[in-house]
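Every heavy atom of this structure was used, including side-chain atoms; hydrogens, water molecules and symmetry mates were not. Chain identifiers are assigned alphabetically (A, B, ...) following the order of the sequence lines, protein sequences preceding nucleic acid strands; residue numbering begins at 1 within each chain.
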Protein chains: 2
Amino acid sequence: MITIYNRIHDTFGGEMMSIASDMIRGHTDTIILAHLMRNDSYGYEINKAIQTSTEGKYELKEATLYTAFRRLEQAGYIVSYWGDETTGARRRYYSITDLGRAFYEKNRAEWDEIRNMIDRLIEAD
Amino acid sequence: MITIYNRIHDTFGGEMMSIASDMIRGHTDTIILAHLMRNDSYGYEINKAIQTSTEGKYELKEATLYTAFRRLEQAGYIVSYWGDETTGARRRYYSITDLGRAFYEKNRAEWDEIRNMIDRLIEAD
DNA sequence: ATATATACCTCGCCTGTCAAGGTATTTTTT
DNA sequence: AAAAAATACCTTGACAGGCGAGGTATATAT
């Protein structure tokens, strides 16, 4: 078993940023949108869901997560609104738009192609 | 059918750099090493092989390719030597090292995990 | 009282990608 | 014979995503 997350990000010596990060890159948006396809949600919950779903092998860093929200909202793929919590910390909920749904479907289809492509390309035999 | 490569890289307006690029990112090194696992080769040939293997759907940009060679050589995963062509343009051949082989195997194993992980994460149902 | 969990956010650096530019030789087309 | 395309290499500079490190505020558990 390989733990994907928590590769060392050593600023002093050693390589910066793990391979795993770059392997996930390009899927962040789709992963978030996949969650919003099911129901509106907020950052903290989405991240927890990812961790649970991957048995702790992967988590989005907060900075990455919130950067992605800004990017997706700017692109018109999601819209946000504040929840009306009477207790606990406030939550900013996100909702996927029709544009976002289309983008999600496109990326999902693309993934099917790319997955097979990479399978073929990294074979040594 | 989706053409992975040749998404527009519009510097003026529109989104910069395509999703596809980011989906491949993190596999470039492994793809190159996979080719060198079979036999020594040189940049131009490796790139042609990738294009053929993917039916033209994907190609490494030259800048990306040569950047990767520098990176891999610096890391000790490959070594290079000039071919002794008597005709045609000179070729710089690359050879994978033991360290490179180990790195390749590690990335390959990682891919198997990550592929399944992404499959699960981008499901909407 | 202190620590942990929930929940949000931004700044600035790092890294891989690649457009755009270059050089030199050989083969193919006009 | 001249022009174009293919082979084959290379570097520079800008860009965008990831994320460490820092921050705020409330609620619960120790």
Side-chain angles (χ1 to χ4, degrees), chain A residues 4-32 41-48 51 58-75 80-83 85-94, chain B residues 5-32 41-49 51 58-75 80-83 85-94:
Chain A
I4 306 299
Y5 178 56
N6 266 350
R7 207 68 58 68
I8 289 93
H9 288 253
D10 193 8
T11 310
F12 324 98
E15 70 255 33
M16 181 85 46
M17 211 154 357
S18 66
I19 301 295
S21 288
D22 272 335
M23 286 200 186
I24 304 292
R25 193 197 254 247
H27 301 289
T28 308
D29 290 358
T30 314
I31 289 168
I32 291 171
S41 190
Y42 56 98
Y44 198 83
E45 189 180 58
I46 291 173
N47 211 11
K48 287 286 168 207
Q51 288 174 54
Y58 183 63
E59 71 166 284
L60 287 172
K61 301 298 180 309
E62 287 197 8
T64 305
L65 185 70
Y66 291 110
T67 302
F69 283 140
R70 300 290 153 268
R71 184 170 56 238
L72 290 167
E73 189 155 29
Q74 182 127 42
S80 69
Y81 57 91
W82 288 103
E85 281 68 48
T86 46
T87 178
R90 82 226 149 114
R91 299 170 178 165
R92 187 196 283 276
Y93 282 86
Y94 294 94
Chain B
Y5 178 56
N6 267 347
R7 206 68 60 67
I8 289 93
H9 289 251
D10 194 7
T11 311
F12 324 98
E15 68 256 31
M16 182 86 47
M17 213 155 356
S18 68
I19 301 297
S21 289
D22 272 335
M23 285 199 188
I24 304 292
R25 191 196 259 248
H27 301 289
T28 307
D29 291 357
T30 314
I31 290 168
I32 292 170
S41 190
Y42 57 96
Y44 199 83
E45 190 180 58
I46 290 172
N47 210 12
K48 287 288 169 209
Q51 286 172 56
Y58 184 62
E59 71 165 285
L60 285 172
K61 301 299 180 304
E62 285 197 7
T64 304
L65 184 70
Y66 291 110
T67 302
F69 283 139
R70 302 287 155 272
R71 185 170 55 240
L72 290 167
E73 188 155 29
Q74 181 128 43
S80 70
Y81 57 93
W82 287 103
E85 281 68 46
T86 47
T87 179
R90 82 224 150 115
R91 299 169 176 166
R92 186 196 283 277
Y93 282 86
Y94 294 96

K.L.:
Suppose we screen for side-chain contact (heavy atoms from CB on, under 4.5 Å). Which residues come up paired with B:Arg71, at least two apart in sequence or across chains?
P.N.:
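For B:Arg71, the residues satisfying side-chain contact (heavy atoms from CB on, under 4.5 Å) (neighbours in sequence not counted) are B:Asp29, B:Thr67, B:Ala68.
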
K.L.:
Please state how far atom CG in B:Asp29 lies from atom C1' in C:dG16, giving the value in whole angstrom units.
P.N.:
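Answer to the nearest Å: 9 Å.
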
K.L.:
How would you label the contact of A:Thr67 with the nucleic acid (heavy atoms, under 4.0 Å): base, sugar-phosphate, or nothing?
P.N.:
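The residue A:Thr67 makes base contact.
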
K.L.:
Take the protein atom CG of B:Leu60 and the nucleotide atom C1' of C:dG16, then report the distance between them rounded to whole Å.
P.N.:
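Rounding to the nearest Å, CG of B:Leu60 and C1' of C:dG16 are 12 Å apart.
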
K.L.:
Does B:Glu85 have any side-chain contact (heavy atoms from CB on, under 4.5 Å) partners at least two apart in sequence or in another chain, and if so, which?
P.N.:
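B:Glu85: side-chain contact (heavy atoms from CB on, under 4.5 Å) contacts with B:Arg91, B:Tyr93.
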
K.L.:
Within the structure, does a side-chain N or O atom of B:Ser21 lie under 4.0 Å from either OP1 or OP2 of C:dG16?
P.N.:
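So the side chain of B:Ser21 is outside the cut-off, no N or O lying under 4.0 Å from OP1 or OP2 of C:dG16.
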
K.L.:
Just N and O in the side chain of A:Thr28: are any of them under 4.0 Å from OP1 or OP2 of D:dG17?
P.N.:
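It does not, given that no N or O in the side chain of A:Thr28 lies less than 4.0 Å from OP1 or OP2 of D:dG17.
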
K.L.:
Atom NZ of B:Lys61 to atom P of D:dC9: distance rounded to whole Å?
P.N.:
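To the nearest whole Å, that distance equals 18 Å.
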
K.L.:
Whole angstrom is fine here: how far is it from CG in A:Leu72 over to P in D:dA16?
P.N.:
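Result: 16 Å.
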
K.L.:
Pairing of DNA chain D as dot-bracket, 5' to 3': ( ) intra-strand, [ ] crossing, | other strand, . unpaired, with Watson-Crick or G-U pairs under 3.5 Å?
P.N.:
||||||||||||||||||||||||||||||

K.L.:
Sequence neighbours left out, what passes side-chain contact (heavy atoms from CB on, under 4.5 Å) with A:Thr64? Give chain and number order.
P.N.:
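For A:Thr64, the residues satisfying side-chain contact (heavy atoms from CB on, under 4.5 Å) (neighbours in sequence not counted) are A:Thr28, A:Leu60, A:Lys61.
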
K.L.:
Under the side-chain contact (heavy atoms from CB on, under 4.5 Å) test, which residues partner A:Glu45, sequence neighbours left out?
P.N.:
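A:Glu45: side-chain contact (heavy atoms from CB on, under 4.5 Å) contacts with A:Ser41, A:Tyr42.
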
K.L.:
Walk me through it: do A:Ile46 and A:Ile31 pass the test side chain to side chain contact (heavy atoms under 4.5 Å, CB included)?
P.N.:
CA-CA 9 Å; A:Ile46 291 173; A:Ile31 289 168; 5.9 Å; no

K.L.:
With a 4.0 Å cutoff (strictly under), does any side-chain N or O of A:Thr64 reach OP1 or OP2 of D:dC19?
P.N.:
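Indeed, a polar side-chain atom of A:Thr64 lies that close.
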
K.L.:
Give, for atom OG1 of B:Thr30 and atom CG of B:Leu72, the distance between the pair rounded to the nearest 0.5 Å.
P.N.:
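Going from OG1 on B:Thr30 over to CG on B:Leu72, the span is 9.0 Å.
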
K.L.:
So, under a plain 3.5 Å distance rule, would you say the side chain of A:Arg25 forms a donor-acceptor pair with the base of D:dG18?
P.N.:
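It does not, because no donor-acceptor pair links the side chain of A:Arg25 to the base of D:dG18 below 3.5 Å.
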
K.L.:
Figure out the CG/P separation between B:Asn47 and D:dT7, and round it to whole Å.
P.N.:
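Atom CG in B:Asn47 sits about 12 Å away from atom P in D:dT7.
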
K.L.:
To the nearest 0.5 angstrom, please state how far the CZ atom of A:Arg70 sits from the OG atom of A:Ser80.
P.N.:
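Result: 7.5 Å between the selected atoms.
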
K.L.:
Between protein and nucleotides 2-8 of chain C, map the contacts as a letter string: B base, S sugar-phosphate only, - none, heavy atoms under 4.0 Å, written 5' to 3'.
P.N.:
---SBBB

K.L.:
Go through it in stages, so that I can follow the logic: the residues are A:Tyr66 and A:Glu62, the test is side chain to side chain contact (heavy atoms under 4.5 Å, CB included), and I'd like the CA-CA distance, side-chain angles, deciding distance and then a yes or no.
P.N.:
CA-CA 6 Å; A:Tyr66 291 110; A:Glu62 287 197 8; 4.2 Å; yes

K.L.:
From C:dA20, D:dC19, C:dT27, pick the nucleotide closest to the side chain of B:Thr87?
P.N.:
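In terms of side-chain proximity for B:Thr87, the closest of C:dA20, D:dC19, C:dT27 is C:dT27.
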
